[in-house]
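Numbers restart at 1 for each chain; the letters A, B, ... are given by sequence-line order, proteins then strands.
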There are 2 protein chains.
Amino acid sequence: MNQKTQRFATIRKIIRNELISSQEELIARLRECGVEITQSTLSRDLKFMNVAKVPHKDKGYIYVLPNTVQHDANVSSNISDNITSLTFSGNLGVLKTKSGYASAISVPIDNLDSPDILGTIAGDNTVLLILREDANRGQIIESLVRIFPMINNIL
Amino acid sequence: MNQKTQRFATIRKIIRNELISSQEELIARLRECGVEITQSTLSRDLKFMNVAKVPHKDKGYIYVLPNTVQHDANVSSNISDNITSLTFSGNLGVLKTKSGYASAISVPIDNLDSPDILGTIAGDNTVLLILREDANRGQIIESLVRIFPMINNIL
DNA sequence: ATGCAAGTTGCATATTTATACAAATATAGC
DNA sequence: GCTATATTTGTATAAATATGCAACTTGCAT
């Protein structure tokens, strides 16, 4: 499992710093970094890591990391201590925070651009999440845990 | 050329509102919407529109529209240019705007005094519309288009 | 109208990516 | 240790996607 973690880290590093336009290309770069991997495994890794393939004007297509934990990984790990609960009702999610933190908490959620979270509204200590009609709550939780790991502790 | 614009609009609409996991699937949905298209052309359209393919827990992979979060400095005279999407979930409408514009956008909606829109709540980049229980979404859209003509472009 | 350039499309196919399945490896419980 | 169970991986292949090319269309200047 540690082998895998190391591999993930290398993949992330390469994708963050270079314009990679195919898995074959990434395999070659990984080999240069001392990581041997087959295309099948890489495909599965990328899926697991939520790496997206997006059009790019020069290279045709490039891989990009999910725009979640990148910018503010350190920030959000601190800030998530201010979340006190997460509940659901119908097509709504309700995230309670310590007083005054709702807006701050809602920013990275907006940046997720999850197709399952249509929008958020922040009050003082409550963030309302408007969910897609057939959104899966488990998935929503997973997405949120990725930005706010500490959420696990209050679930 | 107008044929193409129309096709783009339909593609956008479908991708925004549904979880589409392959081009074949999208082709089928487009046909249902009266748009005949081959896989080659669709591939090119998606590339042109900067549509990304991202992993998704249930469906494996889904197509998503590019982040409309372009913080461009040029101020638009038309306020409706700051609306980036409109979706629905249950008895709620969700209007996404550029960061900071939600309150401004909500004002004329409130002034509509539509019996179908019971009230609005504006966050930073999201306006929540609470709809009458049996409100018709098509009618809501019509009302909004009357105030924000440019909405048509993002539907 | 005619011809030309630029743009668009479908077909066929190359390229790329995902996955079923079996083998290999790790993990837990005795 | 050993066996059972789960996880990870590679191989081979299926599935999905991108693209070269030729045909067709569109707009525009002659």
Side-chain angles (χ1 to χ4, degrees), chain A residues 1-16 18-67 115 136 138-139 142 145-146 152, chain B residues 1-16 18-66 153:
Chain A
M1 181 48 170
N2 211 347
Q3 177 72 287
K4 201 168 159 185
T5 311
Q6 175 55 40
R7 194 176 64 215
F8 279 16
T10 310
I11 292 173
R12 252 193 297 276
K13 192 180 81 182
I14 295 175
I15 289 181
R16 181 170 334 104
E18 306 174 28
L19 300 180
I20 300 294
S21 54
S22 77
Q23 295 180 5
E24 288 303 333
E25 192 181 339
L26 184 47
I27 289 168
R29 283 294 291 114
L30 281 166
R31 181 172 301 120
E32 290 173 14
C33 296
V35 177
E36 285 292 329
I37 186 179
T38 56
Q39 182 266 325
S40 330
T41 303
L42 178 54
S43 171
R44 286 183 275 244
D45 283 359
L46 294 175
K47 184 176 187 175
F48 186 84
M49 295 194 287
N50 270 276
V51 173
K53 197 182 190 187
V54 314
H56 183 272
K57 49 189 177 302
D58 286 345
K59 307 269 297 185
Y61 293 83
I62 60 165
Y63 285 98
V64 300
L65 294 170
N67 55 1
N136 175 288
Q139 271 174 40
E142 277 185 42
V145 168
R146 250 185 288 128
N152 268 321
Chain B
M1 180 47 169
N2 210 348
Q3 177 72 287
K4 201 168 161 185
T5 311
Q6 174 56 38
R7 193 176 66 216
F8 280 17
T10 310
I11 292 173
R12 252 193 302 274
K13 193 178 83 182
I14 295 176
I15 289 181
R16 170 160 334 96
E18 305 174 31
L19 301 179
I20 300 294
S21 55
S22 78
Q23 295 180 5
E24 288 302 333
E25 191 181 338
L26 185 47
I27 289 168
R29 284 291 292 116
L30 282 165
R31 183 173 299 121
E32 290 174 12
C33 296
V35 176
E36 285 292 331
I37 188 179
T38 56
Q39 182 267 325
S40 329
T41 302
L42 179 54
S43 171
R44 284 185 275 244
D45 283 0
L46 294 176
K47 184 175 187 174
F48 185 85
M49 294 194 288
N50 269 274
V51 172
K53 196 183 190 186
V54 315
H56 183 273
K57 288 299 177 329
D58 280 352
K59 307 269 298 185
Y61 293 83
I62 61 165
Y63 284 99
V64 300
L65 294 171
N153 299 339

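- Evaluation of the salt bridge (Lys or Arg N to Asp or Glu O under 4.0 Å) rule for A/E24 yields no partner, not counting sequence neighbours.
- Listed in residue order, the members of residues 19-34 of chain A having a heavy atom less than 4.0 Å from DNA chain C are A/S22, A/Q23.
- With values rounded to the nearest 0.5 angstrom, A/T38 atom OG1 is found 9.0 Å from A/D45 atom CG.
- We find the CZ-CD1 distance between A/R44 and A/I37 to be 9.5 Å, quoted to the nearest 0.5 Å.
- Of the inter-residue distances, the one linking B/E36 atom CD with B/R7 atom CZ reads 11.5 Å to the nearest 0.5 angstrom.
- Rounding to the nearest 0.5 angstrom, the gap separating the NZ atom in B/K57 from the CG atom in A/N50 is 5.0 Å.
- Taking atom CD of residue A/E36 and atom C1' of nucleotide D/dT9, one finds them 14 Å apart after rounding to whole Å.
- Look at NZ on A/K59: it is 13 Å from P on D/dT19, rounded to the nearest Å.
- At the phosphate of C/dT17, OP1 or OP2 sits under 4.0 Å from a side-chain N or O atom of A/Y63.
- Listed by residue number, B/T38, B/S40, B/T41, B/R44 are the residues of residues 37-56 of chain B with a heavy-atom contact under 4.0 Å to DNA chain C.
- The separation between A/R7 atom CZ and D/dT7 atom C1' is 12 Å, rounded to whole Å.
- The structure places CG of A/L30 at 6.5 Å from CG of A/L42, a figure rounded to the nearest 0.5 Å.
- Here CG of B/L46 is found 5.5 Å from CD of B/Q23. Values are rounded to the nearest 0.5 Å.
- Using a 4.5 Å heavy-atom threshold, the side chains of A/K47 and A/S43 count as separate.
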